[in-house]
Amino acid sequence: MDAADLDQPVSGRFVGAEHRYPLRVFFEDTDLSGIVYHANYLRFMERARSDMLRVAGVDQRSVMEAGGGAYAVADLRIRYRAPARLDDALLVVSSLAAVRAASVVIHQQVRRAAQVLTDATVTAALVSPAGRPRRQPATWTAIFRQLLPQENP
């Protein structure tokens with residue numbers, strides 16, 4: 001591995017249709033009781049979703065800079081099952097659940113080894129700079145459709 005590669009930010013990767021994003025719990029992520037503060041799971045999942053889109057080839061930045069809008073969370077359902085603690089090695093596993101004209105539904109879990117700590121479903125809608133829903137670029141929906149789990153006949 002080249003030395004310049006070692007200095008690159010951590011990135012997740014796809015294993016089949018699942019995006020896997022590793023992270024570690026730092027002191028700043030915890031509350032006074034020493035467990036991860038509930039809102040920080042949302043931050044972990046946001047990082048994983050952004051990384052998933054980037055790794056899949058969805059260039060959010062160029063669309064945003066061209067005035068095409070950006071994703072906004074339109075719906076979030078989350079269940080906390082068990083706490084994470086300082087220095088835990090976590091894995092955020094993300095997979096596409098549905099693709100619609102202006103939105104994508106992503107299922108996410110935060111895991112410690114095989115244990116599911118948090119389970120969430122997030123709907124991200126593409127909105128114009130004025131805040132109105134808009135169709136996702138066709139190239140994006142094509143990428144998303146390839147990442148949807150294949151149904152068994």
Side-chain angles (χ1 to χ4, degrees), residues 5 7-26 28-29 31 35-84 88-153:
D5 292 334
D7 293 335
Q8 293 302 307
V10 172
S11 181
R13 63 187 171 94
F14 278 94
V15 176
E18 283 186 342
H19 179 266
R20 302 169 75 84
Y21 185 79
L23 59 96
R24 181 155 315 272
V25 175
F26 294 109
E28 69 180 2
D29 300 319
D31 61 17
I35 62 172
V36 171
Y37 181 66
H38 73 278
N40 286 333
Y41 290 96
L42 300 174
R43 291 177 47 229
F44 299 161
M45 289 185 287
E46 175 66 35
R47 290 178 190 165
R49 279 194 312 278
S50 293
D51 189 71
M52 177 183 78
L53 296 175
R54 185 187 56 75
V55 171
V58 172
D59 187 358
Q60 296 182 84
R61 183 175 175 170
S62 67
V63 169
M64 185 177 64
E65 288 176 350
Y71 280 116
V73 172
D75 188 59
L76 169 69
R77 295 169 192 201
I78 189 166
R79 179 156 184 218
Y80 299 98
R81 298 176 182 267
D88 280 353
L90 303 180
L91 181 68
V92 182
V93 179
S94 307
S95 59
L96 273 286
V99 179
R100 300 181 185 123
S103 65
V104 62
V105 180
I106 302 169
H107 179 251
Q108 295 187 281
Q109 291 183 331
V110 178
R111 301 176 185 170
R112 180 180 48 234
Q115 184 182 22
V116 175
L117 305 179
T118 306
D119 193 29
T121 302
V122 180
T123 301
L126 188 65
V127 295
S128 70
R132 298 179 134 283
R134 79 169 352 155
R135 285 189 171 276
Q136 299 176 95
T139 54
W140 293 8
T141 56
I143 289 169
F144 294 147
R145 291 194 199 298
Q146 291 179 343
L147 293 173
L148 283 171
Q150 300 301 313
E151 303 241 351
N152 293 327

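Residue numbers count from 1 along this sequence.
Taking a cutoff of 4.0 Å between a charged side-chain nitrogen and a carboxylate oxygen, R49 and D51 do not qualify as a salt bridge. Salt bridge D88/R112: present, at least one basic N to carboxylate O contact under 4.0 Å.
Within the 4.5 Å cutoff, the side chain of Y80 has no heavy atoms near those of the L117 side chain. Using a 4.5 Å heavy-atom cutoff, the side chains of T121 and I106 are not in contact. Contact check for V122 versus D75: no side-chain heavy atoms found under the 4.5 Å cut-off. Inter-residue side-chain proximity for L147 and H19 is flagged as unmet; no heavy-atom pair is nearer than 4.5 Å. Residues R54 and S11 are in side-chain contact: their nearest non-hydrogen atoms beyond the backbone lie under 4.5 Å apart. In this structure the side chain of F14 never reaches within 4.5 angstrom of the side chain of R20, judged on heavy atoms.
Atom CE of residue M45 and atom CG of residue L23 lie 11.0 Å apart, to the nearest 0.5 angstrom. For the atom pair CG of L96 and CD of Q146, the computed distance is 11.0 Å after rounding to the nearest 0.5 Å. Atoms OG1 and CG, on T139 and D59 in that order, are 9.0 Å from each other to the nearest 0.5 Å.
No more than 12 heavy atoms of other residues, nucleotides or ligands lie within 6.0 Å of CZ in R100, so this atom counts as exposed by the packing criterion. Around atom CZ of R24, more than 12 heavy atoms belonging to other residues, nucleotides or ligands sit under 6.0 Å away. No more than 12 heavy atoms of other residues, nucleotides or ligands lie within 6.0 Å of CZ in R132, so this atom counts as exposed by the packing criterion.
E28 and Y37 form no side-chain donor-acceptor contact under 3.5 Å, judged by distance and modelled atom types alone. Side-chain contact check for D119 and H107: at least one donor-acceptor pair (N or O, by modelled atom type) lies under 3.5 Å. Looking only at atom types and distance, the side chain of Q108 has a donor-acceptor partner in the side chain of S94 under 3.5 Å away.
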- Message: I'd like to know whether R43 forms a salt bridge (charged side-chain N to carboxylate O under 4.0 Å, His left out) with E46, so could you lay out the CA-CA distance, the side-chain angles of the two residues, the decisive distance to 0.1 Å, and finally the verdict.
- Response: CA-CA 5 Å; R43 291 177 47 229; E46 175 66 35; over 6 Å; no
- Message: Quick one, Y41 with V92, criterion side-chain contact (heavy atoms from CB on, under 4.5 Å). Give me CA distance, side-chain angles, the key distance, then yes/no.
- Response: CA-CA 9 Å; Y41 290 96; V92 182; over 6 Å; no
- List the steps and the verdict of side-chain contact (heavy atoms from CB on, under 4.5 Å) for W140 and V104. CA-CA 10 Å; W140 293 8; V104 62; over 6 Å; no
- Message: Under the criterion side-chain contact (heavy atoms from CB on, under 4.5 Å), I'd like the reasoning laid out for L53 against V55: C-alpha separation, chi angles, the key distance, then a yes or no.
- Response: CA-CA 6 Å; L53 296 175; V55 171; over 6 Å; no
- Tell me, with the steps shown, if L148 and V99 meet side-chain contact (heavy atoms from CB on, under 4.5 Å). CA-CA 8 Å; L148 283 171; V99 179; 4.1 Å; yes
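When all heavy atoms of R134 and G67 are compared, the pair lying nearest together is NH1-O, 3.5 Å. Taking each heavy atom of V10 and Y21 in turn, the nearest pair found is O-CE1, 4.3 Å. The nearest pair of heavy atoms linking Y71 to L126 is CD2-N, 3.7 Å. Taking every heavy atom of both residues into account, P133 and A102 meet most closely at CB-CB, 4.5 Å. When all heavy atoms of V36 and N40 are compared, the closest pair comes out as CG1-CB, 3.9 Å.
A donor-acceptor pair under 3.5 Å is formed between the side chain of T141 and the backbone N or O of A138.
With sequence neighbours excluded, no residue forms a salt bridge (Lys or Arg N to Asp or Glu O under 4.0 Å) with R111.
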